[in-house]
Structures are given as C-alpha cells and as structure tokens.
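For reference, the structure is listed below as structure tokens.
By convention in this document, chain letters (A, B, ...) are assigned in the order of the sequence lines, proteins followed by strands, and residues within each chain are numbered from 1. Note: hydrogens, waters and symmetry copies are ignored here, and every other heavy atom, side chains too, is used.
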Amino acid sequence: MTDLSVDDAIRLQEAWRDRVRIPTERLDPDTATGVDIGYDSASDRLVAVAATIDLATLTVTEVAVAVGTADFPYVPGLLGFREVPMFEIVVGKLRDRPQLLVCDGHGLAHPRRFGSACHLGVATGIPAIGVAKNPPQYSVPDPADQRGSRTGVYDGTDHIGYSLRTRTSVKPVYVSVGHDIGLDEAVDIVLRLTPEYRLPETTRQADRLGRRLLAEMSGDSALSVPSERLASQPGAISEPT
DNA sequence: GCGACAG
DNA sequence: ATCTTGTCGC
C-alpha cells in the first residue's frame, strides 16, 4: 500500500493544480500516445500499456508495457494516485518521448480541477488530454446525435470540457484538457482518433494489448501455472501480512 | 443520515 | 476496472 492518506492526496491535488498550463498556440502533434491499465481479477497485479499512434495513418508506431502492483486504492477523484505512477514507468520505456498523451479519465473536468490527465501531464511534463467514458461530476446536457456534436462542461463560467459525440447515435465521451494543450485542439485530435469507433484509437490499442497480456499471464495459456494447483496450495489465496 | 462517485 | 452471449435496432 502507500503511506499517502486520502486527505494528503487531496492536498497534493490542490497544490499541483496550479502547475497545469494551457497554451494559446497549437501543438499540432504528429503522434498521440494512449495509456491504459488493465487489472487482473483475483490478484493485485496490473498491466500498464502505452501505445503511440501516428495521427496521419492511425497506425501503431510503438508500444511499451509494464507490469506492477496497485499501491493506492481506487478512490473517486483520486484516480491519478492509483494509475499515474505506472504510466510514468511505461512512458519512460518508450524510445520516442510522446508528443501528446491521451488518458482514460478526466482532466480539468474534475471536482478539484486536477483529474488523472492533469496529474499525468504535470508528472511527465508532456502535453496530455483526458477522454473519459463516463460524465464528470458536473451536469452536462447530451449533445445532438450526430458525430462531432458537443456540449460544454462548465464549472461556473469556466469552460472546462466537452461532452463529445464521436459516433452518431452512440453515447458521447467527455474530453477535457490535461496539460499543455488547448481544449479546442484536444477535441480536434479526439475526432481525428475516432473515425470509426467511440473511443480514441490510442486507448483502444492500449486497452487491447493490455487485455491480451493479462490473459496470457493468468489465463489458460501454456506459460502460466495451472490454476487448480495454485488454488490447492494452502495459503495461496490469502494475503501476506 | 443517504446516495453518488473517472478507472 | 471486471464478470460475459445473444440480441434488438439501424
């Protein structure tokens, strides 16, 4: 586990939120790197994946993987403390430093304006955007049915994100700035990454590879220890103290 | 006090 | 996050 308490984590978010920068110039990246984590049911093992996609061809140019353990629980609003440490490791394994990170989850559209995408961007110093599958804790009307339609997410008068329809008549995704990029460009890039599917190609590829590896690790593949033997070992399923 | 609550 | 086949609809 971690010695970091929930209260301390919240204080850190409030301290780090001021490090988020939003430039007025465009980034115009050639590639986007998606990061995602897959959790192994029945163990605390997890697999983090980084997948870089060429924005012109939408093909994968590089991937990196890291296996680790979750040392911070899932607490709504504190997702960054659970996932970002592993993201820093996988991103560090990439030969080419990412130009833009695409994170599962929210950026500024977060109760303290410091979602995991901001956390990831500030921690790595790399521009980042957040694309969440579920709405933030702000009320957001649904956009029109057509792909490309969007409605703004507001914190008072501050425009902090968009509910964006990436596929006609399909549930929208929630886009917000993580770090070092403008909201409009973030939306442009998400639309470029979603010509066919609801979720960005970056996270789709990262997620796909993660599941495949998790299946090879604990599934019925020839490389894993037979599950019936593990289950029959006394103490095999109990947590070490 | 009772729910809601990214992944 | 994860457990999971078919099925309703365009």
Is any side-chain N of the basic residue among A/Arg11 and A/Glu14 closer than 4.0 Å to the acidic one's carboxylate O?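 A/Glu14 and A/Arg11: not salt-bridged.
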Strictly below 4.0 Å, N to O, side chains only: are A/Arg192 and A/Asp188 in salt-bridge contact?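 A salt bridge is absent here (no side-chain N lies under 4.0 Å from a carboxylate O).
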Report, as yes or no, whether the 6.0 Å neighbourhood of atom CZ on A/Arg208 holds more than 12 heavy atoms from other residues, nucleotides or ligands. no
Students often get this wrong, so: under 4.0 angstrom with heavy atoms, is A/Ser116 touching a base, only sugar-phosphate, or nothing?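 If one applies the 4.0 Å heavy-atom cut-off, A/Ser116 turns out to touch a base.
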Identify all pairs in which a protein N or O lies below 3.5 Å from an N or O of nucleotides 1-3 of chain C, and state each distance.
from	atom 1	to	atom 2	distance (Å)
C/dA1	OP2	A/Lys133	NZ	2.7
C/dT2	OP2	A/Arg211	NH2	3.1

Within this structure, what is the CD1-CG distance for the pair A/Ile189 and A/Asp28, rounded to the nearest 0.5 Å? 8.0 Å
What's the separation between atom CG in A/Asp96 and atom OG1 in A/Thr61, rounded to the nearest 0.5 Å? 7.0 Å
Check for a donor-acceptor pair, side chain of A/Ser149 on one end and backbone N or O of A/Asp145 on the other, with a separation under 3.5 Å.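 Answer holds: no.
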In this structure, would A/Tyr39 and A/Val49 fall into the same cluster of hydrophobic residues linked by side-chain contacts under 4.5 Å? no
Give the cluster check for A/Ile37 versus A/Leu94: same hydrophobic cluster or not, with ILVMFWY residues linked at side-chain heavy-atom distances below 4.5 Å.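 Shared cluster, no.
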With a 4.0 angstrom cut-off to heavy atoms of chain A, pull out the first and last contacting nucleotide of DNA chain B, in 5'-to-3' order.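 Both ends considered, the range comes out as B/dC5 to B/dG7.
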